[in-house]
Each structure stands twice: as C-alpha cells, then as structure tokens.
Amino acid sequence: MNLKKYRKKSPWILHYNAGSCNGCDIEILACLAPKYDIERFGMINTGNPKQSDILLVTGPVTKRSRERLVEIYAQMPEPKVVISCGACASTGGVFRGMYNCEGGIDQYIPVDVYVCGCGCRPEQIIDGVVQALGILESKTRDIEQSLKLKNEAITEEGQTNRRNIAAEL
Amino acid sequence: MGKQYEIPVGAQHISLLEPLHFKFTTGNEKIIDTAASVYYVHRGIEKACCTKFKFRQVSFVVGRVCGLCSISHTTAYSQVAEKLVKIEIPRRAKYLRMLVIELDRIHSHLLCLSHVAENSGFEALFMKTMQYREAFMEMLEAVCGNRVQFDYSIVGGVSRDLKPETARMILTGLKKFRPQLQELFHIYQNNWTLSLKNKGTGVITRKDALRLNVVGPFARATGLETDVRSQTEDLLPWKEAGFRIITEQTGDVYARNMVRLREVENSMEMISNVIDGLPESPIIQETKSFPDGEAVVRLEAPRGELFYYAKGNKTQVLERLKIKAPTFSNISAMVEGFRNNEYGSVPAIIASYDPCLSCTAR
Amino acid sequence: MKRIETTIGTVKKDIGNFYQFDKQHFIVMNAVDLGEKLEIQWFFSDYNSTGEVTAYCAQVNPGDEIPSLKSIIPSAWVAEAELADLMDIKIEDTARGFVLEPDSEPAPLRKKK
Amino acid sequence: MDLYIKILLIILAPFIGGLIYGLERVVKARMQRRIGPPLLQPFYDFFKLADKRRMIVHSTHAFLGIMHFFSLWFALAILILGGDLILVIFLHLLSTALLILAGYSTRSIFSHLGANRTAVSVLAYEPVLILIAVAVFIQTGSFEVSAIYSSARPLLFSMPLAFAALLLILPIKLKKSPFDVAEAHQEITGGVELEYSGIFYEAVYTAKWLDEVFCYTLVYLFGAGNPLIGLGLVVIVFIAVNALDNSSARVSYKQMLRFSLAVALPVAFINLLLSVFQ
Amino acid sequence: MSTFLKTIGNLFKPPVTKRYPFEKTFLAENYRGMIGFNEEACIWCRRCEMACPPGAIVFSQAMDGKQTYHYNRAVCIFCEECIRSCPKAEAGALYQTGVPAPCALKEENINNGWADICSEAVRGREAYSAEKKRLAAQKAVVKEATGNQADESTAGKI
C-alpha cells in the first residue's frame with residue numbers, strides 16, 4: 001500500500017534556535033497555543049530529532065550553533081523537510097554580514113521552505129508548514145546531507161552509522 | 001542509582017526556547033554541580049551598530065537583539081541617542097512609549113508564566129495562559145503593526161500614533177482580561193501539584209541577590225526592592241502612570257510567578273492610566289544634528305535593568321554602543337540557584353529565570 | 001553619569017573602597033577604543049531612589065593586564081570574560097573563548113588600523 | 001461463541017487501543033479549549049513511522065522494544081481470555097522490564113534516566129496490583145480472571161477500596177500527569193523511547209495503545225458480570241484520568257513513590273484485611 | 001480541585017481555535033507588510049536604499065541610466081524606514097501594502113540569488129558612473145576644442 005499520503009497527515013516538528021532573537025520562537029510557541037492549534041494537522045512538537053519530520057530553524061546561524069544545527073539535521077531520519085522561519089533564518093535579514101553570523105541556514109543545510117517576516121506571524125508559519133507538507137510527500141528516503149558536510153555517512157551492511165556524520169567546521 | 005550522572009541540557013532541548021547549554025552533575029537526580037555556556041547567540045550587533053548602520057537605523061537593529069523585549073531595547077537606544085543629539089521628545093511620545101512597554105511587559109510575563117507551567121508538566125495551564133496572552137498580541141499588533149518586532153520608538157519619538165479606536169480596543173481587552181487574570185492567580189497560587197513543583201525550588205536569598213547583582217523580577221522575588229522604573233523619572237513619567245514596586249519574600253519559583261502576575265496587574269492599571277491621560281502633542285521631534293559626547297541610559301525591561309552606553313563622534317555612525325541586557329547580570333545567580341534541587345524541577349527553574357540569551361549574547 | 005578617573009594600578013583599591021554590595025549595584029564593565037589607547041569603564045549604580053550611575057574610567061595600553069574584580073564583585077566574571085574576548089585585552093585569570101569561536105574574527109570591537 | 005468474541009478482541013486490541021489513544025488526544029485538546037487532531041491520528045502516525053528511514057542504535061535495543069510490545073500483548077490476551085491474574089500481572093511486569101533493559105542498553109543519558117524512573121514507577125504500582133489480586137483471590141476463591149467475569153456481583157460493590165487503590169495508581173501506569181515522570185517530556189524528552197525511531201518506534205508507540213487497553217480492562221473487571229456497569233466505570237475513569245492529567249503538574253518521582261506507598265498501598269492493604277475478615 | 005471540575009467543564013465549551021487556513025484571523029488594518037513600489041511616482045533618489053537597515057531594496061542601473069527597483073521580501077524586516085525616508089511617499093512611490101509576505105520556495109534562490117543581484121547592481125552602477133565620467137571628460141575636451149576654434153575664427157576676422 002502507498003504510505004506516502006500519510007506523511008502529510010502526521011508531521012512531527014522539531015524546533016531549533018540557531019541564534020535568533022526569540023521573536024520567531026515565541027511565534028512557534030503561539031502556533032501550539034489554542035488560538036492557532038497546529039495539532040489540528042497532527043503536529044506534535046517532539047524535542048527529539050530521531051522522531052521528527054519537519055525541522056523548524058530560526059535565526060541566522062551563529063558560529064557556535066552551526067555544528068549543532070548540522071548534527072540535528074543529520075540525526076533526523078529521511079524523509080525530512082527544513083523550514084527556515086523568519087528573515088534572519090532565510091537570508092540573515094538585518095544580521096546579514098555581521099562577523100559572527102553565517103547569513104541564513106541554507107549555507108549549511110538544504111532549506112525547502114523560506115518563511116518571510118520579522119518575526120514571522122503564526123499564519124505565515126502555518127502556510128509554510130502546509131507548503132512543506134506538499135514537498136514532504138514528494139521526497140524520497142535517500143540520505144540528504146548538509147551542504148558543508150565534511151565526512152560522508154558510513155554505511156555498514158545497509159545500516160547508516162550517523163555517529164560521526166556532523167561536519168567539524 | 002547512586003552513581004553520578006552528567007546530564008547535559010541543551011543546546012537543543014524541548015524545554016528551552018533558545019540555545020543555552022547547562023551541564024548538571026547529579027546524584028540520585030539531585031543536582032550537585034552546574035556549568036553553563038550561554039554565548040550561542042552571539043551575532044556581533046555592537047560591532048555592526050558602530051560600523052555598518054547610521055544612528056537612525058540602529059534603533060531598528062537593536063530591536064532585533066531580543067524579540068521579547070524589543071520595545072525596551074529600541075526605547076533605551078532612542079533615549080540614549082536623544083541624549084547624544086540633545087533633543088527633548090514630546091510628552092505624547094513618552095506616554096505612547098510607556099504604553100507599548102507595559103503591553104510588552106504583560107505579554108512577556110505571560111509567556112514566561114506559561115513556559116514555567118509547561119516545564120513543570122502542566123500543559124493545560126500553558127495552553128490557558130497562551131490563550132489569554134493572544135489578546136495582548138493582538139493589541140500590540142493593532143498599536144505597532146507587528147506581533148513581535150514592534151519598531152515603535154525611533155530616535156526623536158515614536159513611529160506611529162495611537163488611534164482612538166485602538167485605545168478603545170485596548171481598554172475593552174483589559175476589562176475582558178481582568179477575571180482571567182484572577183483565574184490565573186487562583187491556579188498559580190492554589191494548585192497543589194504546581195506548588196509541589198514550584199515552592200521551595202530554585203531559591204535565591206536576598207543576600208545572594210545583592211551579592212550577585214541580580215536584577216528584575218528575579219531579584220524582586222527575593223525581597224530586594226530594585227526597579228529602575230522608580231529611579232528614572234526623568235526619561236519616562238512612570239510615577240504618573242501609577243507604577244509601584246512589587247516584591248515577594250521567598251525567592252523561589254513560586255515567588256517569581258507571583259511577582260510576574262502582580263506586575264501584570266500593575267501594568268494593566270498603568271496602561272489604563274496612560275490611555276486616560278494621553279496628552280495632545282506631536283509624536284516626533286525631528287532633528288538634523290549628529291550624536292556627540294557619551295551618555296548612559298537605564299530602563300526596566302520585562303526581565304530587569306537594561307543598560308545602554310553610547311559614545312558619538314559628530315558623524316552619522318556611533319563611536320561605541322554598549323548593551324547590557326538583564327539576563328547578563330543574572331547568569332552567575334542562575335548557576336547558583338540550581339544547587340540541591342531535583343533534576344526534575346530544573347526545566348521549571350530555568351523557565352522561571354526567564355533567561356533571554358539573545359539579549360545577553362547580542 | 002558621574003565619571004571618576006583612575007588608573008589600573010589603583011582601580012582595585014578605589015573600587016574596593018567604593019563598592020558595598022548592599023548599597024551599590026555593579027552594572028557592567030565596558031571598554032572603548034580611543035585609537036592607540038583603550039578606556040576601560042566600570043559602571044555602578046546606587047540602590048537608593050536617585051539611582052545615579054558612577055563610572056570608574058581607566059586608560060590603558062592594549063598590551064597591559066587589567067586587574068580582575070572577581071574578589072570584590074563575584075558576578076563580574078561574565079563581563080570580564082566577554083570583554084577579554086571582544087576587545088582582545090588581558091584580564092587577570094580570565095580565559096579566552098567565552099564568546100568567540102576559534103575561527104571567528106579576533107578582537108571585533110577594536111578599531112582596525 | 002463467547003470465545004470467538006474474546007479472540008476477536010485480542011486480535012483487535014491494538015486497533016481498539018489506537019482508537020482510545022486518539023480519543024484521548026481529542027479529549028485532551030478539548031479540555032484545553034483546542035480542536036485537536038482527528039480521531040484516527042494515531043494510525044496516521046503509525047503509517048508515517050512505517051514509512052520513515054530505518055535507523056537503530058543497535059539490534060538488541062530494537063529487539064527489546066519489539067519484545068516489549070509482544071509480551072504486553074500476550075499479557076493482555078491472558079487477561080481477556082480469563083487466565084491467571086497473577087500471571088497477567090507478572091507478564092506485564094516482564095514487558096516493562098524489557099523496556100527498562102532497552103533503556104539501559106543505550107548510551108543516551110536521558111534514556112538511562114527514563115529507565116530509572118520507569119523502574120521506580122513499577123515499584124510504585126506493582127505492589128498495589130498484587131494486593132488487589134490477592135484480595136480478588138479471597139473474594140472469588142481463585143486467581144482465575146474468568147471467575148471474576150462469571151461472578152454475579154461486580155467487584156466494585158464487594159470491594160470498593162480496591163477500586164479506589166486502582167484509581168490512585170492508574171495515572172502512574174498510564175503515564176499521565178501528575179505521575180508521568182517516566183516519560184517526562186520537558187525533563188528527559190520521552191525517556192526510554194528517546195532512542196527509538198522509525199519502524200522500531202512503532203513497537204513502543206503501539207505498546208502505549210495496548211497499555212491503555214490493559215488498564216481499562218482492569219477497570220472493566222470491577223464491573224464485570226454486568227457489562228453496563230463495567231463500561232460505565234471505564235467511561236468515568238477515562239474522563240477522570242484525563243481531567244486529572246489536564247489539571248495537575250508533574251510531581252518528582254520521589255514524591256510519586258511516597259504517594260503510592262503512603263496512600264495507595266495502605267488503601268489496598270486495608271481492602272485486603274476487610275476482605276479477609278468479612 | 002476547582003481546576004479539575006473546570007477542566008471537565010471545558011469538554012462542553014466550544015474550542016477557541018481559529019481554523020486559520022479556512023478562517024480569517026485578526027490582522028491589524030495598518031499591519032506592516034510588504035513594501036509596494038510605484039515606478040511612475042519614483043524620482044530615483046535612492047533614499048530608501050540608503051535608509052533600509054538590512055538592505056532589502058537595491059536599485060540596479062543599466063548603461064543607459066535606466067534604474068530598476070529590486071525588493072527582497074525575505075531580507076526585509078518590515079520597519080517602514082524606507083517609507084518614512086521617501087520624499088515621494090505621499091505620491092505613492094513607496095507604500096505599505098499591508099499584506100504579510102508569502103513563503104518562498106527553494107526554486108526562488110532567495111538568499112544567494114539576492115547576493116548576486118546586489119553585486120550585479122553595484123557593478124552596474126560603477127560601470128555607469130565611469131561611463132558618465134568618460135563622457136563628461138570627452139565633452140569637456142570637445143568643448144575646449146570648439147572654444148579654441150572660436151578664438152581662432154574671431155582672430156581670423158580681425
């Protein structure tokens with residue numbers, strides 16, 4: 001049977017803050033709140049990369065948080081999509097070109113949906129997630145790697161060992 | 001279970017809004033030692049503010065230092081810049097700044113309270129508090145045009161005027177919120193399981209608060225009467241708006257919740273006073289001069305004392321801008337506060353500190 | 001803001017005499033690059049109703065070591081560690097790497113010659 | 001005939017459990033003034049997890065998880081078929097023990113903590129269950145569950161205290177606030193199930209559903225003999241447990257242990273004495 | 001305990017959730033949304049570009065002096081400083097649409113593509129100004145030449 005159509009029915013989200021100003025983070029919290037209750041779409045905010053399908057990243061990648069970002073991305077099992085919430089996560093926004101910022105998370109991991117706005121409204125986040133679900137359905141289960149990944153994922157008898165997959169940058 | 005565990009919390013953890021990293025050494029889930037690393041969010045805003053941006057633009061950049069106290073940052077910067085360019089802003093602008101600061105304080109405190117509730121495992125209370133908070137987000141959006149990044153105070157005044165229908169909306173919203181606030185009071189005070197989690201955990205005594213220079217609700221919960229709003233009459237007329245210092249005695253999580261709830265109450269009074277006594281005057285004072293000399297400004301952000309130091313050199317670009325965020329002063333006390341607590345109550349304690357690391361790291 | 005000029009030789013003694021932990025509140029430590037010299041500033045405010053800000057200022061050369069105030073003010077270590085990284089100044093028993101990563105630009109807040 | 005129904009029940013147990021779980025999520029959402037997920041949400045999750053890429057920590061870990069599921073199912077089967085109550089309780093204990101082993105078999109610190117806490121919660125509710133079982137034995141004269149099914153007078157009336165004791169430990173078994181220390185999401189991010197992912201997480205996830213069925217069957221036992229009373233009990237307990245879940249914070253595991261040993265255990269014990277001396 | 005009863009009571013109250021994608025939510029009438037641009041009213045003074053803190057507005061310039069306006073909604077921080085600085089704001093050169101910005105997909109290449117646009121714009125402008133300088137210099141030379149001829153001609157008359 002075709003299981004693909006169930007992907008968009010239970011997207012479990014993981015939220016990582018790569019050095020944002022909390023503006024978008026509290027909006028993500030507000031999405032969980034009763035007014036915009038994203039559990040309607042079957043979303044759970046799992047704090048656990050290994051069980052989540054959608055990675056919501058906020059903030060321009062600061063130099064100290066980038067390894068964690070790549071690690072978390074590597075720990076998530078495919079199929080997975082990445083949503084960058086807010087101007088600074090998408091392009092660096094007002095922090096573009098500051099000395100400790102990398103200017104957008106898509107310098108490190110492939111981003112599927114860019115949510116604009118500073119800080120992005122919950123409506124915008126929901127729109128972005130809805131678009132991401134369409135992408136999630138069309139994804140395959142091949143390993144996606146972050147853009148600046150140094151060492152390859154080791155594959156031994158068909159199982160992928162991701163212990164040392166994250167890039168040391 | 002006698003052996004000691006090294007429990008890392010962060011950088012990504014479900015009970016954390018922002019990347020900070022704690023390493024707890026625990027035996028039987030009782031915390032023996034704590035190590036913290038907080039500078040995950042360092043972006044280099046100070047540098048950019050004195051090289052890249054003109055002094056008019058900086059007020060929008062410092063707003064992005066922190067999304068929760070963005071209005072406090074923009075206001076503090078605008079005040080320090082006004083001191084440097086030596087202008088006096090109109091009264092109406094002062095009142096409008098106060099209005100937005102207090103609205104922001106309410107939404108920030110409610111967020112913190114809901115976060116405490118969720119981290120102590122009380123999901124329903126988290127939902128309830130967030131639900132009540134949405135009303136204030138709508139007010140802020142109606143006043144400033146955006147939900148979290150307000151960009152309301154600019155150098156010389158405020159960016160937009162308060163429409164009468166918006167004022168009416170705020171007043172009706174406050175009237176609607178009062179019984180809900182009483183309900184929250186009731187739950188946070190009387191819920192037995194919540195008190196098991198919150199009473200007597202994360203205690204900081206008044207002496208420690210003085211020794212470690214703690215600021216904000218964190219300090220006021222220990223009975224230390226420190227509130228910059230009572231000391232900076234010259235910048236914003238807090239006393240006219242009916243501000244009063246709120247303190248609790250036992251410096252635990254419960255006391256912090258109570259301080260926040262009662263400050264929300266006080267802020268509601270202040271907002272209604274401000275809207276009633278809103279003077280008629282232009283809202284912005286234009287200027288052509290450039291910043292010169294040096295000045296400091298202290299402002300009470302939702303989390304405590306915010307400190308700005310600026311130095312100008314008669315050009316568009318500032319010479320030096322120093323931002324001291326409230327959490328910056330609390331870090332050493334935060335590490336102290338965990339000692340001899342259950343690991344189970346750590347998330348609640350972290351949330352009750354209401355840490356704002358993007359302020360701290362800039 | 002009340003400025004009190006001092007030197008790094010005497011700053012520890014001055015602040016030791018001035019600061020009582022239940023009367024003054026240590027705000028933050030700051031440094032300004034004046035070109036060839038640096039100005040280090042320690043900001044204090046009173047707990048009383050006026051809350052006046054006092055700034056102890058000392059001019060130093062980039063090379064020399066600044067005494068640490070941890071013995072007087074326990075919570076000063078955060079400011080000192082941050083400043084040591086951002087301004088690239090030597091502070092007594094303060095390690096580097098509190099703020100910056102190894103590969104990020106050193107001494108960002110210093111003026112580039 | 002009756003046997004067929006029972007076998008059908010056993011086969012459908014995961015499905016029923018999933019329905020209960022979904023209903024629970026809807027009820028929880030409604031208690032928080034939210035709309036909440038659709039009723040079939042757990043099954044959507046199930047199929048989605050089946051579709052994920054397989055990642056395991058090590059094979060033993062995954063195997064223990066699956067064993068946990070099947071042993072739990074077996075315990076449920078015996079319970080429904082009317083087997084030995086003590087055997088049921090110990091099978092349930094075994095399945096939990098397998099989960100605890102799985103927790104200890106990984107390197108993750110949170111998984112270890114979760115295993116610790118699960119062990120503590122077992123310590124909290126098992127004695128009460130056993131005391132109840134003994135009391136049932138004294139009442140009905142045998143450890144067979146079928147005896148309860150066939151007993152004319154529901155246990156609820158013959159020993160209400162036992163029912164009270166069961167109510168007190170039910171939140172611990174169902175991992176509900178205030179006693180959800182075993183998978184405290186904000187503290188140890190799910191505890192034992194932390195390291196599972198994809199298809200292997202299904203075992204733990206569906207085992208939760210089975211746990212629901214198991215617990216509510218225990219509740220049903222107290223009304224057995226008269227199905228109406230039994231179902232009524234189940235509904236009331238369901239609502240009560242969820243309301244408690246949504247009106248209380250999580251207590252620390254030491255407080256939980258103290259509570260169950262100081263309140264639930266005495267209640268069960270008094271009930272035992274009463275049933276001995278009447 | 002009262003919380004317990006209230007929780008059960010909530011079962012029978014309607015949820016407060018707004019079914020967002022199918023139901024409208026609160027949007028302030030003066031919400032700070034995307035920035036609109038009207039080419040007719042613009043006087044190409046580039047004040048907005050200078051005022052914009054993140055640099056979300058860039059004018060690129062072709063060789064014939066024709067400027068084109070680029071706006072990146074993912075860089076914009078919606079502070080309205082450009083509108084405040086625009087001399088033709090009343091005429092509607094820059095205006096506030098009040099619409100929240102829609103999401104961008106991978107295809108748009110909104111981050112690195114924008115960097116390209118910016119560098120392209122800078123290069124174009126430099127080239128244009130250099131060209132203008134060259135023309136000006138040429139004109140000056142020509143003018144000088146013509147001026148000399150004029151002198152000679154007058155000299156010739158006398």
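As the structure is a prediction and not an experimental result, all values here were calculated from the model. Numbers restart at 1 for each chain; the letters A, B, ... are given by sequence-line order, proteins then strands.
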Discussion item. Within the 4.5 Å heavy-atom criterion, are B/Arg133 and A/Ile26 side-chain neighbours or not?
Written reply: yes
Discussion item. Counting C-beta onward and ignoring hydrogens, is there a side-chain heavy-atom pair between B/Glu134 and A/Pro34 closer than 4.5 Å?
Written reply: no
Discussion item. Using heavy-atom distances under 4.5 Å, tell me whether B/His107 contacts chain A through its side chain, its backbone, both, or neither.
Written reply: side chain
Worksheet entry | Taking every non-hydrogen atom, the tightest pair across A/Pro122 and B/Arg147 | CD-NE, 3.4 Å
Discussion item. Could you report the tightest heavy-atom contact between B/Met130 and A/Ala33, atom names first, then the distance?
Written reply: CB-CB, 3.4 Å
Worksheet item: At what distance, to the nearest 0.5 angstrom, does CD of A/Glu27 lie from CD of B/Gln149?
Response: 10.0 Å
Response to the item:
One should read off an interatomic distance between B/Glu138 CD and A/Lys35 NZ, to the nearest 0.5 angstrom, of 4.0 Å
Discussion item. Can you tell me which portion of B/Gln131 sits under 4.5 Å from chain A's heavy atoms? Options are side chain, backbone, both or neither.
Written reply: both
Practice prompt. Please flag which part of B/Glu123 lies under 4.5 Å from any non-hydrogen atom of chain A: side chain, backbone, both or neither.
Written response: neither
Practice prompt. Find the distance between CG (A/Asn22) and OG (B/Ser70) and round it off to the nearest 0.5 Å.
Written response: 11.0 Å
Worksheet, complete the sentence: Heavy-atom closest pair (B/Arg43 atom, A/Phe95 atom, distance to 0.1 Å) is NH1-CZ, 3.4 Å
Worksheet item: Checking heavy atoms, do the side chain of B/Phe60, its backbone, both or neither come under 4.5 Å from chain A?
Response: neither
Worksheet item: Given that the side chain runs from C-beta out, which part of B/Glu141 has a heavy atom under 4.5 Å from chain A: side chain, backbone, both or neither?
Response: side chain
